[in-house]
Amino acid sequence: MLWSDPPDEPPEELRDVQAKLRRMSIVLAVVAVVLMILISGR
């Protein structure tokens with residue numbers, strides 16, 4: 001790493017978007033599991 005290299009961390013906005021996408025994917029996975037249980041129960 002040189003002192004002139006840009007920092008590796010993404011900008012604040014990108015980190016917020018990534019966190020939201022992560023939360024959305026967890027919610028979608030839980031919803032999919034619940035739907036499969038409900039459908040298989042009938």
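Note that these values count all heavy atoms, side chains included, but never hydrogens, waters or copies made by symmetry.
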Trainee: Group every Ile, Leu, Val, Met, Phe, Trp and Tyr by side-chain heavy-atom contacts under 4.5 Å, then state whether V27 and L35 land in the same group.
Mentor: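 Same cluster: V27 reaches L35 through Ile, Leu, Val, Met, Phe, Trp or Tyr contacts under 4.5 Å.
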
Trainee: I need the R22 CZ to M24 CE distance, nearest 0.5 Å.
Mentor: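 Taking CZ in R22 and CE in M24, the distance rounds to 14.0 Å.
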
Trainee: Would I39 and V31 show up in the same hydrophobic cluster when neighbours are defined by side-chain heavy atoms closer than 4.5 Å?
Mentor: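 Shared cluster, no.
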
